[in-house]
J.: 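Pasting in a structure now, in structure tokens, and then I'll have a few things to ask.
No experiment lies behind these values; they were computed from the predicted model shown.
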Amino acid sequence: MLRRLCVFAGHFTLDDVESVCAVDSPTLGVLSSLVDKSLVLKEDVRGRACYRLHETMREYAILKLREADEAQAIGDQCSVYYRLRCLQSIGEARFHLDDWLGWMDLEIDNIRAVLRHCVTSNEFSNGIDLVFGTGWFWITRATTEGVRWLDELLVNGAGNPGTLGWAYFLRGFLAVLQSDPAAAQPALAQSVTKAREFGQPDVLAHALSLSCIAAYMADDRASATRFLDEAEAAVGQIDDVPAKVSLLQARALGGLFVGDLDAVKVASAEGARLTREIGDLYSHEMMLMNLGYATMLSGDLAASKPMLEEAMRIAQRIDDRIALYALLDVLGYLAAASNQSRLAAQLLGAAESVRTGAGASLIGFLSLLLAQAEESAVAALGASKFKAEYELGKSMSREAAIKRALGETSKVTPAESNGLSALGKREFDVARLVAEGLSNKQIGTRLFISERTVDSHVQSILNKLGFNSRAQIAAWIASSNS
């Protein structure tokens, strides 16, 4: 049991152990014995009873697993388990998103290890299924990482017919969230092709709606109109509420791109009603954002703020970093418009930090608003004061920035401005050595842990801080020490 537990890179549950590491004796009894001997650690994580191996013990167990010639078999078993579990939870995930994301936060290090196993073992189809099955995590928490996994796994174009079209859709979705239409359009074209090839009308409807949004981003209105017409026809042929929500989102964003605010309000109001009824938190957040934007652009700033703040609270609840950056930007604009220039500068700076960490670019229709907000704040504060407040905003943790945006705090404390509380002690040690320019191998040697464990810590640091590069970690450490 001990040697097989090394397959888990992070926390694991009794269910995980029973499914992956079964032995002849009752699982709970063996696991309890290992806990009693301090070979396995038992912890409570967000109210869940969990276990984990100390890093040194995991390294020992890995060696023993290899000596027993079980590494491939247990790795394969772990891959099968997580693939099936994630695919089976797809329906639950969208409509119980906060609970599902809590489970993913617990299991994500194990899933990353399985994905790496799939890549190194050339199990591309299983890996694609797993990335698709965990799609809401990449959409809300780790857009850039999701792109990396999909690009590695989709490289040869092979996959299971039931999920391949969805995987290309997810790749396009992540690119749209990053405001990258050049990457989104070919992925969505593949999704449309696979949906037609495999007879999947639901995939087709979603892919056509998203293709419309990507075309608007690329300033190709003719293609956007064609995709929207095709999406309306596809949605009309199926009884699928999420597909209808996707179509409404395409209409709403299309209205924002062309300046048809009435179209935005009609589509978003219907979308907000539908998503509230079915418990779709993510889409409800998006519809509230659309309504808030349209109301604000219509000149009613006071009426727009409650919509945007409600969307912000949902984004905070599910840690949706793309939504957070956009909402911080817009609430920064509202602050500037109401002569709260220091707050405006801080929120604009915080938005840049979250946006950069999410690997996204500024959405086109926000650019003019933000330029106006910055011009107004600079005029009120002066260039040097604006820059200081903007940099303070950039140094905030996401949670501190949200509190400032929602008016829950009037100033930023030093602890909130550097985000130190987000990391565990070992993660901070790794981050500090990353900032010194050490490689993962060198960090492992310094801390007496494996290169694989260092890589897991680095990915966790990037995820927690909303970053996508080692350079950002180094800059964050530098600002924390200043």
J.: Would you say that Leu208 contacts Val235 through its side chain, given a criterion of any heavy-atom pair below 4.5 Å between the two side chains?
T.: no
J.: Whether Glu230 and Arg226 form a salt bridge (side-chain N of Lys/Arg under 4.0 Å from carboxylate O of Asp/Glu) is what I want to check.
T.: yes
J.: When you check the side-chain N and O atoms of Asn290 and Arg251, is any donor under 3.5 Å from an acceptor?
T.: no
J.: Applying salt bridge (charged side-chain N to carboxylate O under 4.0 Å, His left out), can you list everything that pairs with Glu92, at least two apart in sequence or on another chain?
T.: none
J.: Verify whether one side chain among Glu399 and Ser397 offers a donor that lies under 3.5 Å from an acceptor in the other.
T.: no
J.: I'd like to know if Arg313 pairs up with Glu310 as an ion pair, taking the criterion as any Lys NZ or Arg NE/NH1/NH2 lying under 4.0 Å from an Asp or Glu carboxylate oxygen.
T.: no
J.: When rounded to the nearest 0.5 angstrom, what distance separates NZ in Lys385 from CD in Glu389?
T.: 4.5 Å
J.: More than 12 heavy atoms of other residues, nucleotides or ligands under 6.0 Å from NZ of Lys265: yes or no?
T.: yes
J.: Specify whether Trp166 and Phe169 have parallel, tilted or perpendicular ring planes, treating 30° as the upper limit for parallel and 60° as the lower limit for perpendicular.
T.: perpendicular
J.: Quick one, Val147 and Trp138 - any side-chain contact, counting heavy atoms below 4.5 Å?
T.: no
J.: Report yes if some heavy atom in the side chain of Thr275 is under 4.5 Å from a heavy atom in the side chain of Glu285; otherwise report no.
T.: no
J.: Can a donor-acceptor pair be found between the side chains of Gln459 and Arg112 at a distance below 3.5 Å?
T.: no
J.: Do Tyr333 and Leu366 have side-chain heavy atoms sitting under 4.5 Å apart?
T.: no
J.: In chain order, what residues pass the salt bridge (charged side-chain N to carboxylate O under 4.0 Å, His left out) check against Asp105, with sequence neighbours excluded?
T.: Arg141
J.: Report yes or no: do Tyr390 and Glu352 form a side-chain donor-acceptor pair below 3.5 Å?
T.: yes
J.: Enter the distance from Ser361:OG to Met217:CE here, rounded to the nearest 0.5 Å.
T.: 9.5 Å
J.: Any side-chain heavy atom of Arg355 within less than 4.5 Å of one from Asp329?
T.: yes
J.: Would you call the rings of Tyr216 and Phe257 parallel, tilted or perpendicular if under 30° counts as parallel and over 60° as perpendicular?
T.: parallel
J.: Could you tell me whether Arg116 and Asp455 make a salt bridge, using a distance below 4.0 angstrom between a side-chain N and a carboxylate O?
T.: no
J.: Please indicate whether Gln372 has more than 12 foreign heavy atoms, meaning atoms of other residues, nucleotides or ligands, lying under 6.0 Å from its CD.
T.: yes
J.: How about Arg317: does its CZ atom have over 12 heavy atoms from other parts shown lying under 6.0 Å from it?
T.: no
